Amino acid sequence: MDERYDPQVIEQQVQDYWLQNHSFEVTEDPTREKFYCLSMLPYPSGHLHMGHVRNYTIGDVMSRYQRMCGRNVLQPMGWDAFGLPAENAAIQRKVPPSEWTYQNIEHMRGQLKRMGFAYDWTREVTTCRPEYYQWEQWFFTRLLKKGLAYRKNAVVNWDPVDQTVLANEQVVDGKGWRSGAQVEKREIPQWFIRITAYADELLEELDQLDGWSDSVKTMQRNWIGRSVGLEVDFALADGGDPLRIFTTRPDTLFGVTFMAVAADHPLAREAAEGNTAIADFLEQCRAGGISEVDLEAMEKNGLPLGVNAVNPLSGEHIPVWVANFVLMGYGTGAIMAVPGHDERDHAFAQSYGLPIQQVIAPADDREIDVMTAAWVDKQNIMTVNSGTFSGLDYDTAFERIADHVEALGIGRRQVNYRLRDWGVSRQRYWGCPIPVVHCEHCGDVPVPDDQLPVLLPEDVTFMGVQSPIKADPQWRQTACPQCERPAERETDTFDTFVESSWYYARYCTPGADAMLDERADYWLPVDHYIGGIEHAVMHLLYFRFWHKLMRDAGIVSSDEPATKLLCQGMVLAEAYYQDSTESGRTWIPPDEVRVERDDKGKTISAVWLHDGTMVNPTGWTTMSKSKNNGVDPQDMVDRYGADTVRLFTMFASPPDHTLEWNDDAVAGSLRFLRRLWALVYRHQSCLSGANDLTHALEWDDETREMRRLVHTVLQRINRDMTRNQFNTVIAASMELFNGLDQFEPGEDPARQFALREAIDILIRVLSPVVPHIAHSLWQLMNSGVELLDASWPEVDIAALQTSSCKLAVQVNGKLRGQIEVAMDADELQIREQVLANEKIGRHIGESKIKRFIVVPQKLVNVVI
RNA sequence: GCCGGAGUGGUGAAAUUGGUAUACACGAGGGAUUCAAAAUCCCUUGCACGAAAGUGCGUGCCGGUUCGAGUCCGGCCUCCGGUACCA
C-alpha cells in the first residue's frame with residue numbers, strides 16, 4: 001500500500017477492474033429482488049455540467065447501496081439526442097447537427113466513465129438513432145388508428161423576417177432573438193396526442209404515488225386543473241350563433257355585466273369588417289408571443305364589438321367585447337365577465353368603466369364593497385340580487401341554476417380541464433420524423449409498419465432558417481401507402497419530450513426487435529427515478545401518460561412508470577460583474593477575482609486580478625455560460641479525483657436543496673479522504689489480521705465507548721440512507737472517523753478486533769459515495785468478498801447499551817442545567833436529583849412547582 | 001399574474017414524532033512542525049454585556065397555540081423552479 005493517497009492512479013486501477021469484471025452488467029434474475037434506479041438522461045450539450053454530476057452521483061449512491069442490500073440493480077444511461085441546441089450549433093460551427101451530437105456523446109460518455117458511475121453501458125440508448133426512434137414512429141401510428149393522435153390548427157410564434165416558427169425561449173421581449181423582428185401569432189396545422197382522455201386517471205393515480213413528493217403531486221394536480229362547472233349558451237340580442245361559455249361560478253350568473261371573445265373569434269372578425277378601430281385592434285392582438293407568462297403579463301385591453309348578448313337568467317342585455325386575454329385555442333374562445341366577483345374582470349371593468357354588480361354576499365353580516373375590489377369567496381356566502389335564486393349558498397345555487405339552465409336546453413354540467421392536448425409537432429429538422437403521408441385523395445395516412453422507420457437524413461447542410469427535410473422535395477416526395485399515387489411526407493418532427501417519455505422502458509430490452517419485450521416486465525416499474533425539479537410537471541406528466549398508453553397497447557403491465565421520485569435542487573455558484581456605459585455588463589470568471597473579507601470572513605468587496613478594479617458579487621446564482629460562473633466538472637476531477645467531487649456534491653447539501661459550489665470546501669473533502677487513507681495505512685497490519693475473534697471478547701471502557709459511538713452512528717447512517725439524506729450519512733461517517741482517529745489498538749486482540757470492526761463499517765458505508773478509495777482500502781481487509789457485493793453493515797444492539805443518561809433540565813422552558821440519571825430512574829428519583837442540583841435550585845428558589853414535565857431520556861421542564 | 005418550493009452563525013448545513021438550536025464541514029484567528037514554503041497536527045470561534053462566574057438575545061418579518069416552537073396555525077417579505085416550442 002502506498003503511503004500517499006493518489007486518486008488519479010487508484011481511480012484508474014479501480015475503473016479498469018470494474019471494466020474487466022463487467023461489474024455493472026446485469027441480466028434478469030427472477031430469483032432475486034430487482035432494483036431499477038434511473039437518472040434522467042442528459043441532453044448531449046458537449047460537456048458534463050455540475051447538475052449532471054450531482055444527479056448521477058445521487059443515483060449511483062442509491063444503486064450501490066441497494067446492491068449491498070442484496071438487490072439485482074439496473075442502472076442505465078443514455079442520450080436525449082434530438083433537440084434545438086444541435087441546430088443552433090450547426091449554424092454557428094457549420095457542421096451537421098448529427099456530427100455535433102455524436103461528437104458530444106463520445107466526449108460526455110468518457111466524462112461519465114471517469115466519474116466511476118456504475119452503469120450498465122451495454123444498455124445505452126441514443127434517441128436520435130433509428131433503432132430507437134423507429135419504435136416511437138411505430139407506436140404513433142397505433143395512436144393514430146385509435147384516434148388518440150389527431151391533427152388540428154394551433155397557434156405558434158412566427159418570425160416574419162426569418163419566416164420561421166420560434167420556440168418560446170427564442171422570443172425575447174416579444175421579438176425574434178436572431179432577427180429582432182416583432183413576433184406574431186400564427187395558426188398552422190399540428191399533430192396532437194390526446195392526453196386529456198387520460199386526465200382523470202393521471203389525476204386520480206397521484207393519490208397512489210406514495211413515493212412522490214407532495215409538492216410534485218400538487219403541481220401536477222394543479223396543472224391538470226380539473227374543474228366542474230356549467231357550459232352556458234348566451235343568445236345574441238340580434239340573433240345569430242349564441243356565445244358558448246364555461247363557468248365554475250354559476251352562482252354569479254346574475255352578475256355578468258359584459259362578455260368577451262378572442263380576437264380570432266368569428267364574432268370579432270365579423271365586427272372588424274367595416275370597422276377600422278376593431279380591425280386595428282385585432283391586428284394588435286396578433287403581435288407578441290404565445291407563452292403564458294407573456295400573455296398574463298401584458299396589459300389587458302379590449303374594445304366593444306357593438307353587439308349585445310342576453311343574460312339567460314335575468315334577460316338583461318349586456319355588451320360583447322373583444323379582449324386580448326381571451327384565447328381562441330383554450331376553451332370556447334369566449335368568457336362571461338363578473339367584475340363583482342372575479343379579480344381580472346374587476347380590473348378590466350374598472351379601466352373601461354363597465355358596470356359592477358354584486359350578486360353574492362357574506363352569509364354573516366360582514367360588509368363588503370365590490371366597487372373597490374372583487375369579492376371571490378365560495379365559502380359562507382349567500383346569493384343576492386339574483387331573482388328567484390337569491391338567498392342560497394354556493395352549492396345550492398350551483399345545483400339549482402344548473403338544473404334550470406339544463407331544463408331550458410341552453411347548457412349543461414361539464415367537467416373541464418386546464419390540461420390541453422399534447423402538441424407534438426415541431427417545424428424543425430433535428431427530431432424524429434412524424435410518420436404520416438399526406439395524400440390528396442386519402443388524406444393523412446399513417447406510414448405502414450413495413451415502411452418504417454421514416455429515416456431522418458443526417459448528412460445535410462443546415463443553414464438555420466429552413467429545415468432540410470422541408471427544403472428537400474426529394475425527401476418529401478413519396479407514394480401514398482393506400483392508393484399509391486404521388487403524395488407528400490409530413491415534414492414536422494416530434495417534440496423531444498416524446499423520446500424522453502419511454503427511454504426508461506427501452507433500457508430494459510436492449511436489441512429487442514420490437515418496441516419492448518418480456519424483459520421489461522421484470523424491471524418495470526422504475527424503483528427510483530432521479531432528476532431535476534424543473535421537470536416536475538411537463539416531462540413527468542408525459543412520462544406517466546406514455547406509460548399508460550403502452551399499458552393500454554399491452555406492451556407494459558404496470559399502471560405507473562416509477563414508484564419513487566427524487567427531485568434534486570439546482571447547482572449554484574457565485575458570479576461577479578462590472579457594468580460600463582460602453583460595453584454594458586461584463587461577467588468576470590470567479591477564478592480571476594480576489595474576494596476581500598472582514599475579520600469574520602464576510603465578503604466586503606471583490607477585485608478583478610486582471611486590472612485591480614472593483615467587481616460586484618451577485619451572491620449565489622445558477623451556473624450558466626452567460627454569467628461565466630460555470631464550474632467544469634472535468635477541471636475538478638483532474639485536480640481532486642472523482643471521489644472528492646462525488647463526496648463534496650453529496651456532502652454540501654441534501655439532494656433536494658440547491659447546492660452552492662465552494663472550491664475551498666471541495667479541498668476539504670479531499671483532506672478527509674487523505675486522512676481516511678492515512679488511518680488505514682497506519683493500521684494496515686492490524687486490519688489484515690484474521691477475523692476469528694467473534695465471541696467472548698472483554699471490552700475495556702475506552703473500547704466499549706468507541707464501539708457505542710460506531711453503532712449509534714451506524715444507526716443514524718442507516719436511517720439517513722433510507723431517506724436519501726446523504727449529507728448527514730457523510731457527516732456521521734466523519735464523526736465515526738474522528739472518534740476512531742484517536743484510538744490505538746496496541747497488541748490487545750479485543751481492541752484490534754474493535755478497530756477492524758469499526759474500519760470495516762466505515763469503508764462499507766462510505767463505499768457508495770467514494771467507491772474507488774473504498775475499493776482500494778477494502779483490499780487490505782482480508783474479507784474474501786467483493787466490496788460491491790459486501791453486505792450493508794448491521795447495528796450491534798448490545799453495543800448501544802448504557803446504564804445512565806444525561807437529562808437537560810429547564811426551568812420555565814429555559815435551559816438551566818444538566819443531570820445524569822440511571823436509565824430506569826422514575827419521576828420521583830429524577831425530581832430528587834433536580835432539586836438537589838444547586839445551579840438549578842437557584843432558579844427555582846422558593847417558588848412552588850406547578851408542573852414537572854419529564855421527557856424520558858431527553859429533558860425535564862420545571863414550571864414554577 | 002398563476003402553481004410549487006426555500007429562508008437557521010462569516011459560509012454550506014444539522015436537529016427522528018413539538019423536547020438541550022447550530023452536529024459535520026468550510027472560512028477566520030491563534031499555536032506546533034519547517035531554513036522557508038507546501039502538506040500535516042493542536043486550540044478558539046452564534047451575537048451582546050462582563051475580568052470571570054454568569055446574564056440577556058438569537059432559526060427572514062409580524063402575530064397566535066403550547067409547560068416548551070427552527071418544527072404547528074394565520075398574515076406578510078425576499079429569493080428560486082415551472083408556466084405547455086429550452087431540456
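Every value quoted in this text rests on a predicted model; they were computed, and no experiment measured them. Naming convention: chains lettered A, B, ... in sequence-line order (proteins, then strands); numbering from 1 in each chain.
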Peer 1: With sugar-phosphate meaning primed atoms plus P, OP1 and OP2, does Pro42(A) contact a base, only sugar-phosphate, or nothing at under 4.0 Å between heavy atoms?
Peer 2: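 The residue Pro42(A) makes no contact with any strand.
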
Peer 1: Taking atom types as modelled and ignoring hydrogens, do the side chains of Glu490(A) and Trp191(A) form a donor-acceptor contact shorter than 3.5 angstrom?
Peer 2: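 There is such a pair (donor and acceptor under 3.5 Å, judged by atom type) between the side chains of Glu490(A) and Trp191(A).
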
Peer 1: Heavy atoms only, 4.0 Å cut-off, all strands: where does Gln725(A) land among base, sugar-phosphate and nothing?
Peer 2: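 Sugar-phosphate contact only.
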
Peer 1: Side-chain N or O of Arg675(A) less than 4.0 angstrom from OP1 or OP2 on C41(B)?
Peer 2: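 Yes, within the criterion.
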
Peer 1: Just N and O in the side chain of Arg674(A): are any of them under 4.0 Å from OP1 or OP2 of U40(B)?
Peer 2: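 It does, given that an N or O in the side chain of Arg674(A) lies less than 4.0 Å from OP1 or OP2 of U40(B).
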
Peer 1: Base, sugar-phosphate alone, or nothing: which one does His49(A) contact when heavy atoms must sit under 4.0 Å apart?
Peer 2: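 No contact.
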
Peer 1: Check whether any side-chain nitrogen or oxygen of Gln170(A) sits under 4.0 Å from OP1 or OP2 of A87(B), and answer yes or no.
Peer 2: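 So the side chain of Gln170(A) is outside the cut-off, no N or O lying under 4.0 Å from OP1 or OP2 of A87(B).
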
Peer 1: Does Asn812(A) place a side-chain N or O at less than 4.0 Å from the phosphate oxygens OP1/OP2 of G68(B)?
Peer 2: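 Asn812(A) to G68(B) OP1/OP2: no side-chain N or O under 4.0 Å.
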
Peer 1: So which nucleotide from C85(B), G54(B), A14(B) ends up closest to the side chain of Lys839(A)?
Peer 2: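 When the side chain of Lys839(A) is considered, G54(B) is the closest of C85(B), G54(B), A14(B).
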
Peer 1: Quick one: the side chain of Asp664(A) and the base of C26(B), do they pair up donor-acceptor inside 3.5 Å?
Peer 2: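 Donor-acceptor pair under 3.5 Å: no.
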
Peer 1: Round to the nearest Å and state the distance from Met570(A) atom CE to A87(B) atom P.
Peer 2: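 Taking atom P of A87(B) as the reference, CE of Met570(A) is at 16 Å.
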
Peer 1: For Glu660(A), answer base if it contacts any base atom (sugar-phosphate contacts may also be present), sugar-phosphate if it contacts only those atoms, and nothing otherwise; contact means non-hydrogen atoms under 4.0 Å.
Peer 2: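 Counting heavy atoms under 4.0 Å across all strands, the contact made by Glu660(A) is with sugar-phosphate only.
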
Peer 1: Using a 4.0 Å heavy-atom cut-off, does Arg671(A) contact any base of the nucleic acid, only the sugar-phosphate backbone, or nothing at all?
Peer 2: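 Sugar-phosphate contact only.
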
Peer 1: Would one find a side-chain N or O of Asn738(A) under 4.0 angstrom from OP1 or OP2 of A25(B)?
Peer 2: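 Looking at the OP1 and OP2 atoms of A25(B), one of them is under 4.0 Å from a side-chain N or O of Asn738(A).
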
Peer 1: Under 4.0 Å: is that the gap between some side-chain N or O of Arg426(A) and OP1 or OP2 of C85(B)?
Peer 2: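 Indeed, a polar side-chain atom of Arg426(A) lies that close.
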
Peer 1: Pick base, sugar-phosphate or nothing for Val156(A), based on heavy-atom distances below 4.0 Å to the nucleic acid.
Peer 2: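 Base contact.
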
Peer 1: To the nearest Å, how far apart are Asp656(A) CG and C80(B) P?
Peer 2: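 Distance, rounded to whole Å: 19 Å.
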
Peer 1: Would you kindly give the CG-to-P distance between Leu679(A) and C41(B), to the nearest whole Å?
Peer 2: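 Rounded to the whole Å, the gap is 12 Å.
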
Peer 1: By the 4.0 Å heavy-atom rule, please label Ala731(A) as base, sugar-phosphate, or nothing.
Peer 2: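 The residue Ala731(A) makes base contact.
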
Peer 1: Look at His843(A) and U55(B) and indicate whether a side-chain polar atom (N or O) is within less than 4.0 Å of OP1 or OP2.
Peer 2: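 His843(A) to U55(B) OP1/OP2: side-chain N or O found under 4.0 Å.
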
Peer 1: Could you tell me if Arg831(A) sits above the aromatic ring of Phe852(A), with its cationic atom closer than 6.0 Å to the ring centre and no more than 45 degrees from the axis?
Peer 2: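 Positive - Arg831(A) is close enough to the ring of Phe852(A) and near enough to its axis.
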
Peer 1: Would you mind classifying the nucleic acid contact of Val855(A) as base, sugar-phosphate or nothing, using non-hydrogen atoms under 4.0 angstrom?
Peer 2: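 Val855(A): base contact, heavy atoms under 4.0 Å.
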
Peer 1: What's the separation between atom OG1 in Thr493(A) and atom CD in Gln427(A), rounded to the nearest 0.5 Å?
Peer 2: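 Interatomic distance, Thr493(A) OG1 to Gln427(A) CD, rounded to 0.5 Å: 8.0 Å.
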
Peer 1: Counting the atoms with a prime plus P, OP1 and OP2 as sugar-phosphate, which does Leu859(A) contact under 4.0 Å by heavy atoms, base, sugar-phosphate, or nothing?
Peer 2: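 The answer is base, as Leu859(A) lies within the cut-off (heavy atoms under 4.0 Å) of a base atom.
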
Peer 1: Counting the atoms with a prime plus P, OP1 and OP2 as sugar-phosphate, which does His535(A) contact under 4.0 Å by heavy atoms, base, sugar-phosphate, or nothing?
Peer 2: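 Counting heavy atoms under 4.0 Å across all strands, the contact made by His535(A) includes a base.
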
Peer 1: Could you check how far CG of Leu659(A) sits from P of A6(B), rounded to whole Å?
Peer 2: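 Rounded to the whole Å, the gap is 17 Å.
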
Peer 1: Base, sugar-phosphate or nothing for Trp422(A)? Non-hydrogen atoms, less than 4.0 Å.
Peer 2: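 The answer is nothing, as Trp422(A) stays clear of every strand by at least 4.0 Å.
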
Peer 1: Assign each of Asp741(A) and Leu572(A) to its nearest nucleotide of RNA chain B by heavy atoms, then name whichever residue's nucleotide is nearer the 5' end.
Peer 2: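 Comparing both residues, the 5'-ward one is Asp741(A).
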
Peer 1: Cation over ring, Lys470(A) on Tyr429(A), under 6.0 Å and within 45°?
Peer 2: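 No, Lys470(A) does not lie over the aromatic ring of Tyr429(A).
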
Peer 1: Do we see a donor-acceptor contact under 3.5 Å between the side chains of Asn88(A) and Arg178(A)?
Peer 2: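 Distance-only check passes for Asn88(A) and Arg178(A).
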
Peer 1: Within the structure shown, what part of the strands sits under 4.0 Å from Arg842(A) by heavy-atom distance: base, sugar-phosphate, or nothing?
Peer 2: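 Nothing, no heavy atom under 4.0 Å.
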
Peer 1: Hey, does Met219(A) reach any base, or is it just sugar-phosphate, or nothing, if we go heavy atoms under 4.0 Å?
Peer 2: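 Result for Met219(A) = base.
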
Peer 1: Please determine if a side-chain N or O atom of Thr496(A) lies less than 4.0 Å away from the OP1 or OP2 oxygen of A87(B).
Peer 2: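 Result: yes.
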
Peer 1: Which part of the nucleic acid, if any, lies within contact of Phe497(A), taking any heavy atom under 4.0 Å across all strands shown: a base, the sugar-phosphate backbone alone, or nothing?
Peer 2: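 Since a base atom lies under 4.0 Å of Phe497(A), the category is base.
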
Peer 1: Can you tell me if the side-chain N/O atoms of Asn168(A) get under 4.0 Å from OP1 or OP2 in A84(B)?
Peer 2: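 True: Asn168(A) side-chain N/O within range (under 4.0 Å) of A84(B) OP1/OP2.
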
Peer 1: Do any side-chain nitrogens or oxygens of Lys814(A) fall under 4.0 Å of OP1 or OP2 in C57(B)?
Peer 2: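 For C57(B), OP1 or OP2 has a side-chain N or O of Lys814(A) closer than 4.0 Å.
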
